[in-house]
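Working notes, beginning with the structure itself.
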Amino acid sequence: MSNQDMPKAYDFSTVEPKWYKYWEENNLFRAETVRDKPAFSIVIPPPNVTGSLHMGHALNNTLQDILCRYKRLKGYNVLWMPGMDHAGIATQNVVERNLAAEGLDRHQLGREGFIERVWEWRHEYGGKILNQLKRLGSSCDWSRERFTMDEGLSKAVRKVFVELYEEGLIYRGDYIINWCPRCRTALADLEVDHHTQEGNLYHLRYPFKNGQGHVVIATTRPETMLGDTAVAVNPEDPRFQTLGDEELVLPLVGRSLKIIRDSYVDTEFGTGVLKVTPAHDANDFVIGERHGLDSIVIMDEDGRMNAEAGSYQGLDRFEARKKIVADLEAQGFLEKIEPYQHSVGHCYRCKTMIEPILSKQWFVKVEPLAKAAADAVRSGETRIVPKMWEKTYFDWMDNIRDWCVSRQIWWGHRIPAWYCRECGEIVVSMEDPDQCPRCQGELVRETDVLDTWFSSALWPFSTMGWPDQAPELDIFYPTSVLVTGFDILFFWVARMMMMGIHFMHDVPFKDVYIHALVRDAEGQKMSKSKGNVIDPLTIMDQYGTDAFRFTLAAFAAQGRDVLMSEERVEGYRHFVNKVWNAARFALMNLQDMDSGVAVAPEDRTSADKWILSRASKVSDQVSVALDEYRFNDAAATLYHFVWHEFCDWYLEEAKLTLYGKYRPESRPATQKTLRDVLSAVLKMLHPFMPYVTEEIWSLLPGTEGSVMQGGYPRMEDWNDDQVEAEMGLLMETVSAVRNIRGEMQIPPSREIQLRFFSNDSDSLNKLETQGAYISELCRASDILWEGSGDRPRKAASAVCQNVEVFIPLEGLIDFDFEKKRLKKEIDKTGKELGYANKKLSNEDFLTRAPEHVVDKEREKAKELEIRLKKLETNYERIVAMSS
RNA sequence: AGGCGCGUAGCUCAGGGGGAGAGCGCUACCCUGACACGGUAGAAGUCAAGGGUUCAAAUCCCUUCGCGCCUACCA
């Protein structure tokens with residue numbers, strides 16, 4: 001393919017589709033179970049089977065892909081383990097909705113039938129997100145794709161459950177849990193979202209049994225009074241010191257209530273009297289335990305009142321509230337209702353208001369696991385990046401509560417526990433038991449399934465074949481890094497730490513890189529309900545995957561949220577196009593290149609040596625940035641280098657040699673330089689923009705295979721500070737002349753004369769050897785290298801380091817304007833000099849500041865002084881001219 | 001209620017003790033044989049406010065104000 005086939009504008013839509021297929025067909029993402037290369041491994045945060053790609057996924061997976069592609073270039077044996085999560089409640093909800101559309105519900109199908117339907121759904125519609133990840137360019141090893149409900153992972157889950165049970169770290173008990181009446185399941189504390197909302201504080205009168213008055217209690221949930229088994233006051237509260245052992249009568253119910261003393265009661269809140277409902281409030285439950293109170297559950301799993309609620313049985317909890325309040329009022333037990341704002345828990349899946357209910361659930365005793373997990377971070381075995389998240393992690397680990405792992409749904413890992421009908425024995429085992437080992441009685445299996453996060457907690461080792469012996473475990477565990485958002489730090493990261501350490505005796509990852517959340521341009525969290533969601537697929541359709549990925553990387557600064565806006569993506573689309581056109585230029589000029597030709601250092605022009613030196617430094621900087629997860633730095637470094645050094649300066653200079661205008665004999669060396677630097681650029685950019693770099697690579701002469709093969713560019717030999725300084729002066733000079741041209745409104749077509757003066761013959765000589773560049777880049781027809789001597793009288797001037805340049809342009813220069821321009825320069829230089837001198841005259845600065853800082857300041861002052869003198873001389877000359 | 005983070009150019013953000021930066025936008029000139037998704041040049045900031053530490057503070061510490069987030073059992 002020649003440049004004639006390369007369109008002027010990069011068209012991602014024709015380029016992108018072919019390459020992903022090529023990569024997959026050539027197994028370029030395949031991890032090997034060999035040990036002759038260093039290993040680098042990442043497990044993907046498994047997306048939900050129900051999920052579709054959103055901005056969070058796009059950021060998360062782009063960053064992982066950048067690391068994986070970068071490490072592959074660096075010669076690592078890379079495993080990026082992909083897979084999906086069965087997402088218990090979410091998936092069950094989706095399938096139940098589909099059933100509802102057919103007029104069915106899951107109970108009509110029965111457990112087996114329903115689960116079958118879920119599997120059908122999973123195979124037919126689930127996991128479309130994986131194709132979206134491919135669209136994004138994710139270089140996962142798809143041959144190893146796993147699912148949290150597949151056979152191997154189910155085995156791992158069962159083994160972990162059984163072992164923890166045998167170790168006494170899993171138990172079953174009555175506990176107050178968060179109940180979602182819509183999902184009809186228990187939820188872990190973490191699965192409850194609290195938001196403040198408007199409610200009422202109801203003040204109720206509870207009369208004394210002896211008929212002598214009443215106490216007033218305050219509650220936000222009056223319907224729970226039906227389950228009250230005591231009333232509590234603070235033992236320190238002076239208002240209740242005279243209270244004896246009188247009992248109260250619970251209104252509407254007639255039950256006798258003791259008055260207990262408990263320091264939990266806040267004397268400041270409400271009336272200082274607390275109704276105690278152990279079965280429906282987490283705090284009351286604790287108080288009930290302390291005082292040996294009865295617990296009366298008054299609701300069923302739908303949130304309707306049960307038989308314990310007497311005449312209210314069958315009413316929904318909110319209807320019951322209305323009716324109870326009305327009845328209390330009618331009977332004179334309602335003192336007042338005041339509006340009250342309070343925080344109420346909602347199901348994180350379906351947003352239904354949760355109800356705390358006492359019930360029998362399975363728990364993991366996590367304190368010992370959490371302690372080990374915290375210690376592993378404290379000791380540095382696992383590093384959390386950025387470090388600020390460590391504190392959050394420790395706070396949670398140190399105050400952790402037991403983890404309720406049973407869920408009353410059907411889709412998930414069914415708990416491997418059996419109950420004996422005869423003797424009540426509980427059997428937990430790897431193999432399904434036939435009969436009770438104690439009394440040979442009939443066993444029934446637990447109907448609950450495990451929390452989805454139970455299986456994802458095992459992800460780093462279950463995906464690699466555990467509990468079987470698998471070479472992957474030896475080679476790739478612990479994984480190198482986990483890339484994730486902080487929103488699942490507790491749900492997932494913390495639990496993987498606990499399980500990994502406990503079962504693998506080693507941390508699951510060496511680094512945890514926590515990236516930002518993606519928000520919209522206003523800083524709002526993107527959510528469907530707010531309607532501010534930007535769909536990554538739409539963005540990719542419009543701007544191309546490479547531009548999108550580069551945008552994500554460029555704005556993924558540590559500890560900051562990413563505000564996504566389309567303008568930015570558009571900006572980086574321009575960058576992709578710039579890269580494309582730089583390649584187009586290169587290909588036009590490399591047609592006749594002899595790849596085999598030997599190039600000696602002296603064959604190269606200064607510009608060649610300069611760009612090689614710059615590329616060398618940039619490759620180091622990008623490397624260091626990526627090693628430290630500073631994706632935005634890496635992206636910015638590349639952007640600046642490619643656009644503002646390679647394109648703006650090098651290509652312009654290379655044109656002279658390539659077109660035979662300057663050192664035509666260096667053409668082969670410049671061709672080789674151009675090719676080599678472009679090739680290095682493609683490799684460095686490849687992790688960020690895989691598609692366009694692969695396309696250009698395939699067109700570039702002298703390349704073979706994929707851009708991701710053959711290693712990261714090694715260019716340390718090209719480092720050359722001297723040539724960089726030389727080119728620095730050239731660029732400064734050219735910019736100074738262009739500045740004058742611009743400010744003086746000298747038309748670009750107008751050629752000018754330049755006259756250089758300097759008492760430093762070395763600098764002048766070096767510039768002179770590059771006179772051709774200067775004349776081309778400044779559009780100067782005539783350059784005089786004068787060293788010392790009389791400065792031209794009618795000319796604009798500039799000072800660049802130790803060189804002065806004059807542009808004699810009688811008739812074109814507005815001398816008043818030149819006067820103003822020079823004055824501005826003089827003021828600026830004078831100000832800087834004053835500042836430097838002030839520092840240098842400060843005795844404390846001279847004695848206390850480090851020597852190199854003082855030296856630098858002295859040097860600066862000296863340079864500024866010389867510069868100022870020259871500027872002033874030139875200024876006076878102009879003044880003399882115009883008077 | 002505690003904890004964390006953030007206030008830097010018109011916008012979006014880097015930087016994080018010794019010369020205020022980038023992208024976009026804006027202004028002027030230019031379709032020069034890679035690119036107008038482009039080129040050259042330019043204007044633009046009391047680095048939220050106040051105090052402290054230091055020879056030196058946008059940067060470290062404290063306070064205040066504004067914004068965001070996380071955690072929590074005030075009925």
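Sequence lines set the chain letters: A, B, ... in the order given, protein chains first and strands last, and positions in each chain run from 1. Side-chain atoms are counted along with the backbone in the values below, which use heavy atoms only and exclude waters and symmetry mates.
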In whole Å, what separates the [atom1] atom of [N] from that of [M]?
{"N": "B/A57", "M": "B/A1", "atom1": "P", "value": "36 Å"}
{"N": "B/U40", "M": "B/A34", "atom1": "P", "value": "14 Å"}
{"N": "B/A49", "M": "B/C67", "atom1": "C1'", "value": "15 Å"}
{"N": "B/G5", "M": "B/C24", "atom1": "C1'", "value": "26 Å"}
{"N": "B/U8", "M": "B/U27", "atom1": "P", "value": "24 Å"}
{"N": "B/G51", "M": "B/G16", "atom1": "P", "value": "27 Å"}
{"N": "B/A9", "M": "B/G21", "atom1": "P", "value": "14 Å"}
{"N": "B/C47", "M": "B/A14", "atom1": "C1'", "value": "13 Å"}

> Angle class for the A/W643/A/F575 ring planes (parallel below 30°, perpendicular above 60°, tilted otherwise)?
Replying inline: parallel

> So which nucleotide from B/G42, B/G18, B/G3 ends up closest to the side chain of A/D395?
Replying inline: B/G3

> Just to confirm, is there a sub-4.0 Å distance from OP1 or OP2 of B/C37 to any side-chain nitrogen or oxygen of A/Y543?
Replying inline: no

> Below 4.0 angstrom from OP1 or OP2 of B/G38, is there any side-chain N or O of A/N577?
Replying inline: no

Interatomic distance, [X] [atom1] vs [N] [atom2] [rounded to whole Å]:
{"X": "A/M744", "N": "B/U40", "atom1": "CE", "atom2": "C1'", "answer": "16 Å"}
{"X": "A/E338", "N": "B/C74", "atom1": "CD", "atom2": "P", "answer": "18 Å"}
{"X": "A/N200", "N": "B/A75", "atom1": "CG", "atom2": "P", "answer": "13 Å"}
{"X": "A/L846", "N": "B/G18", "atom1": "CG", "atom2": "P", "answer": "19 Å"}
{"X": "A/L489", "N": "B/C69", "atom1": "CG", "atom2": "P", "answer": "18 Å"}
{"X": "A/Y393", "N": "B/C4", "atom1": "OH", "atom2": "P", "answer": "19 Å"}
{"X": "A/R741", "N": "B/A41", "atom1": "CZ", "atom2": "C1'", "answer": "11 Å"}
{"X": "A/D193", "N": "B/A72", "atom1": "CG", "atom2": "C1'", "answer": "14 Å"}

Applying a 4.0 Å non-hydrogen cut-off, can you work out what [X] is touching in the nucleic acid: base, sugar-phosphate, or nothing?
{"X": "A/A636", "value": "nothing"}
{"X": "A/R401", "value": "sugar-phosphate"}
{"X": "A/P356", "value": "nothing"}
{"X": "A/R738", "value": "sugar-phosphate"}
{"X": "A/D266", "value": "base"}
{"X": "A/K838", "value": "nothing"}
{"X": "A/Y202", "value": "nothing"}
{"X": "A/K391", "value": "sugar-phosphate"}

[X] and [Y] ion-paired at < 4.0 Å:
{"X": "A/R867", "Y": "A/E865", "value": "no"}
{"X": "A/R667", "Y": "A/D592", "value": "yes"}
{"X": "A/E223", "Y": "A/R317", "value": "no"}
{"X": "A/E652", "Y": "A/K655", "value": "yes"}
{"X": "A/K856", "Y": "A/E851", "value": "no"}
{"X": "A/D827", "Y": "A/K823", "value": "yes"}
{"X": "A/K862", "Y": "A/E859", "value": "no"}

>> Assuming nearest nucleotide by heavy-atom distance, tell me which of A/R221 and A/Y10 is located more 5' along RNA chain B.
In response: A/Y10

> Of A/L201 and A/K824, whose closest RNA chain B nucleotide lies nearer the 5' terminus?
Replying inline: A/K824

> Which residues satisfy the side chain to side chain contact (heavy atoms under 4.5 Å, CB included) test with A/V624, sequence neighbours excluded?
Replying inline: A/E628, A/R630

> Does A/Y543 have any side chain to side chain contact (heavy atoms under 4.5 Å, CB included) partners at least two apart in sequence or in another chain, and if so, which?
Replying inline: A/I539, A/A547, A/E566, A/V569, A/E570, A/R573

Using a cut-off of under 3.5 Å, enumerate the N/O to N/O pairs linking the protein to nucleotides 28-34 of chain B.
| residue | atom | partner | partner atom | Å |
| --- | --- | --- | --- | --- |
| B/A34 | OP1 | A/K655 | NZ | 3.3 |
| B/A34 | OP2 | A/Y659 | OH | 2.6 |
| B/A34 | O3' | A/R584 | NH1 | 3.0 |
| B/A34 | O2' | A/N581 | OD1 | 2.5 |
| B/A34 | O2' | A/R584 | NH1 | 2.7 |
| B/A34 | N7 | A/K655 | NZ | 3.4 |
| B/A34 | N6 | A/C647 | O | 3.4 |
| B/A34 | N6 | A/E652 | OE2 | 3.1 |
| B/A34 | N3 | A/N581 | O | 3.1 |
| B/A34 | N3 | A/A582 | N | 3.4 |

>> Show me the dot-bracket string of RNA chain B, counting Watson-Crick or G-U pairs under 3.5 Å, with | for pairs to another strand and [ ] for crossing ones.
In response: (((((((..((((....[..)))).(((((.......))))).....(((((..]....))))))))))))....

>> Each nucleotide in nucleotides 20-26 of chain B should get exactly one letter: B, S or -. Can you fill that in based on protein heavy atoms under 4.0 Å?
In response: ---S---

> Would A/Y572 and A/Y639 satisfy ring-ring contact (aromatic ring centres under 6.0 Å, His included), going step by step from the backbone distance to the final call?
Replying inline: CA-CA 9 Å; A/Y572 288 113; A/Y639 183 96; 5.6 Å; yes

> Under the salt bridge (charged side-chain N to carboxylate O under 4.0 Å, His left out) rule, what pairs show up with a residue in residues 392-404 of chain A, not counting sequence neighbours?
Replying inline: A/D189-A/R401, A/R378-A/D398, A/K391-A/D395

>> Working to the nearest 0.5 angstrom, can you tell me the gap between A/H280 NE2 and A/M225 CE?
In response: 13.0 Å

> Around atom CD of A/E338, are there more than 12 heavy atoms of other residues, nucleotides or ligands at under 6.0 Å?
Replying inline: yes

